[in-house]
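Step one of this worksheet: look at the structure below.
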Amino acid sequence: MLIRLSNFFFKTLREDPADAEVASHKLLVRAGYLRRQAPGVFAWLPLGLRVKAKIEGIIHEEMAAAGAHEVHFPALLPREPYEATGRWDEYGDALFRLKDRHKADYLLAPTHEEAFTLLVKDIVTSYKELPLSIYQIQDKYRDEARPRAGLLRGREFTMKDAYSFGLTDEQLEQSYLAQRDAYERIFNRLGLDYVIVAADAGAMGGSRSEEFLLPVEIGEDTFVRSDSGYAANVEAYVTPPADPQPYDGVGAPVEFDSPETPTIETLVDLLNREFEHPEGRDWQASDTLKHVVLAVTDQAGERELVVVAIPGDRAVDEKRLEVAFAGYEVTPATPADFAKHPELVAGYIGPVLDGAQILGLEHKSGIRYLVDPRVAEGTVWVSGASRAEVHTRSLVYGRDFSADGVIDIANVRDGDLAPDGSVIQTARGMEIGHVFQLGRKYAEALGLQLLDENGKQQTVTMGSYGIGVTRILAVMAELHHDDRGLIWPANIAPCHVHLVATGKDQIALERAEELASRLVADGVEVLFDDRPKLSPGVKFGDAELLGMPYVVVVGRDAAEGIAEVWDRASGEREKLPIAEVNSWLNAKLGR
RNA sequence: CGGGAUGUAGCUCAGCUUGGCUAGAGCGUCCGGUUUGGGUCCGGAAGGCCGCAGGUUCGAAUCCUGUCAUCCCGACCA
């Protein structure tokens, strides 16, 4: 394989494009891999396509090894199947919709669950054909509110999406693990230092879901992990319930005046000024209970107020809130809500008024009352007294008040505990893969059923498994570059070696030509800069920008049979007899 | 959707505050010469409804209003 730059479709730019912010975006455009078409939409030039094809090649190999069969669907799909599963509406503005000339609705697929399900329904007629895994590599479309960071969050992006079909939970688990293993092999081959985290499975009606995250600052997901190996997306992190505490020695609740304490901070100040903590330490925000009033609306439009209690040192995490109320719309309570419920005194909300519990379905207010998992039997709290400028201390959960249930929506912090008791750290990550047990939701909606070996009608259970191909390409560029340009790993570089012929001396070009032929004959992919009349500086600059892992310069010493070889990643440069370049390269490439 | 910034040559930008005559630079492109191990140098040339619409003015890239677009932060992102 030989590419001659003298006759190649590319153009390097000396300056960063004005609309690029992140390194991968700047470099891929500057080096002539990509051009912007529209926000979050890119044209692919030959160099970019070659890298993309190499990444896809690795995926194809591992999909085949996992027993998945390749198919290909159109990106343009009709509305009806998405109507049947509810996604035509649920997907909202992120779905690209369009009409044909007959005014029929179409969409540009954001993922292909419906299409795959219907194809399997069409083709598979017996349980004996299951389990089955099929996949495609296809462009996906999502009308992101704000595309950003070049390829990292585009509106068109290439994705490998696989779907598994089985009749039993065991078959689903088996297919899931096969894909999960394939993902590990793919990411290992790419040298990506991924973390597998538990993900939220609730919203799609599935049971088990894991994300492959790359721990990078630029990532948009927050996840937690501990030394014990526990790892979860914050959305899926579960706070271990606190242990019940003995409270025999705790005195009865005491109300105290607390003027001008609208915030937790001012309340803690007042506690420290006026009261001694029973344990002799300072009062802390975590001794207090913060009450948040939410309005929860279900799909039928039924609206209900809910009061949530979390420790005063925590805030509500909006993503965790959404997961906790999946399927409902949640908004802050309005002034009108407070007006309707005089027992909710803003800033002084508490479960108890005058010694009697008021919050809770079974209590006077009738408002559902949920508490953080840290609010365990016997824990002692300071809370509002349901009257302006009065708080209560020594409120014991399980003695003085109780809740309708537990809710886990407080934010997560470094030092919190994992379910296994280990200490977690939080980090940012970029999602590069996702494996998901969908269960029977799609099969049910689209009528994918088969007779089992007992002649009983069974609904098929499905999994879906995605890898962001173009996002991985961008991530690889983020991870592998220096201030001069890209530095691809050899297994995804457009070519193995960038061969530069410099000098006006004809002999250098001839020697370079001979070397190129020998390398090609040996199966090396060669990008050959044979452009005439270009100064060496220009060629060196392009060689470094384009990012082949190895550069061979045949120039000044060509007449003596000497070339210079560069290892871009290590920065090493050495002079070698031209005759030895091939074996040097083979050693570097591990061939 | 909220906040911020920016739209001038193929690219990256200056000019706008304080309106004025043929609208500038660098890079790139084309022509001639020069140079050949770090984006050579010299000379010449092509290339711009100054995002769009309206307004103010004798006169608008510059001031005002509207509008569209792009980028950044946030919200959003099965």
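Note on naming: letters A, B, ... go to the chains in the order of the sequence lines (proteins, then strands), and numbering restarts at 1 for each one. Just so it is clear, the model here is predicted, and its values are computed rather than measured.
Taking atom C1' on both B:rA60 and B:rG15, the two are 14 Å apart, rounded to the nearest angstrom. Atom name P, nucleotides B:rC76 and B:rG20: the rounded distance is 47 Å, in whole Å. To the nearest whole angstrom, the two C1' atoms, one in B:rU22 and one in B:rG55, are 27 Å apart. A distance of about 12 Å separates the P atoms of B:rG7 and B:rU12, rounded to the whole Å. For the P atoms, the distance linking B:rU40 with B:rU35 amounts to 15 Å, nearest Å. B:rA45 and B:rG54 have their C1' atoms separated by 38 Å, given to the nearest Å. Taking atom C1' in both B:rU57 and B:rG19, one finds a spacing of 9 Å when rounded to whole Å. The same atom, C1', is picked in B:rA61 and in B:rC49; the two are 12 Å apart, to the nearest Å.
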Protein within reach of the bases, or only the backbone? For nucleotides 32-39 of chain B, mark each nucleotide 5' to 3' as B, S or -, using heavy atoms under 4.0 Å. ----BBBB
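When each of B:rA78, B:rC11, B:rG74 is scored by its nearest atom to the side-chain atoms of A:His434, the top-ranked nucleotide is B:rA78. Of the candidate nucleotides B:rU12, B:rC71, B:rA78, B:rC71 has the atom nearest to the side chain of A:Pro39.
Side-chain atoms of A:Val497 and A:Lys588, non-hydrogen and from C-beta on, never get closer than 4.5 Å to each other.
Residues A:Tyr183 and A:Tyr465 keep their aromatic ring centres 6.0 Å or farther apart.
Using a 4.0 Å heavy-atom cutoff across all strands shown, A:Ala508 reaches no nucleic acid atom at all. Nucleic acid contact for A:Ala18: sugar-phosphate only, since backbone atoms but no base atoms lie under 4.0 Å from a heavy atom of the residue. Among the protein residues, A:Thr111 comes within range of the nucleic acid bases, having at least one heavy atom under 4.0 Å from a base atom.
Residue whose closest nucleotide on RNA chain B sits further toward the 5' end, between A:Pro17 and A:His25: A:Pro17.
Within the shown strands, nothing qualifies as a pairing partner of B:rA60 under the Watson-Crick or G-U definition with both distances less than 3.5 Å. Nucleotide B:rG38 is matched to nothing when pairs are restricted to Watson-Crick or G-U wobble geometry with both distances under 3.5 angstrom. In a base pair of the Watson-Crick type (N1 to N3 plus N6-O4 or O6-N4) or a G-U wobble (N1-O2 and O6-N3), with each distance short of 3.5 Å, B:rC11 is matched with B:rG26. Checking B:rU6 for Watson-Crick or G-U wobble geometry (two distances, each under 3.5 Å) identifies B:rA69 as its partner.
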Determine, step by step, whether A:His112 and A:Gln138 satisfy the side chain to side chain donor-acceptor pair (under 3.5 Å) criterion, reporting the C-alpha distance in whole Å, the side-chain angles of both residues, the deciding distance to 0.1 Å, and the verdict. CA-CA 10 Å; A:His112 280 76; A:Gln138 196 7 340; 4.8 Å; no
Run the salt bridge (Lys or Arg N to Asp or Glu O under 4.0 Å) test on A:Arg180 and A:Glu184 for me, step by step, so that the C-alpha distance in whole Å, both residues' side-chain angles and the decisive distance to 0.1 Å come before the verdict. CA-CA 6 Å; A:Arg180 191 180 187 277; A:Glu184 296 211 59; 3.5 Å; yes
Pair A:Tyr163, A:Asp161 - check side chain to side chain donor-acceptor pair (under 3.5 Å), show working. CA-CA 7 Å; A:Tyr163 304 85; A:Asp161 49 328; 2.6 Å; yes
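Between A:Arg146 and B:rC76 there is no side-chain N or O to OP1 or OP2 distance below 4.0 Å.
The separation between A:Phe157 atom CZ and B:rA78 atom C1' is 11 Å, rounded to whole Å. Atom CD of A:Glu15 and atom P of B:rA9 are 14 Å apart (whole Å). To the nearest angstrom, P of B:rA78 lies 15 Å from CZ of A:Phe96. Atom P of nucleotide B:rC71 and atom CD of A:Glu144 are separated by 13 Å, given to the nearest angstrom. Computed from coordinates, the A:Gln37 CD to B:rA69 P distance equals 18 Å when rounded to whole Å. A:Arg148 has its CZ atom 9 Å from the C1' atom of B:rA75, to the nearest Å. Taking atom CG on A:Asp19 and atom C1' on B:rA69, their separation rounds to 12 Å, with Å as the unit. To the nearest angstrom, P of B:rU12 lies 11 Å from CZ of A:Arg36.
Within 6.0 Å of the CG atom in A:Asn7, the count of heavy atoms belonging to other residues, nucleotides or ligands does not exceed 12. For A:Asp193, the CG atom counts as loosely surrounded, since its 6.0 Å shell holds 12 or fewer non-hydrogen atoms of other residues, nucleotides or ligands.
Partners of A:Asp105 under the salt bridge (charged side-chain N to carboxylate O under 4.0 Å, His left out) rule, at least two apart in sequence or in another chain, are A:Arg79, A:Lys99.
Side chains of A:Arg30 and A:Thr12: no donor on one and acceptor on the other come within 3.5 Å.
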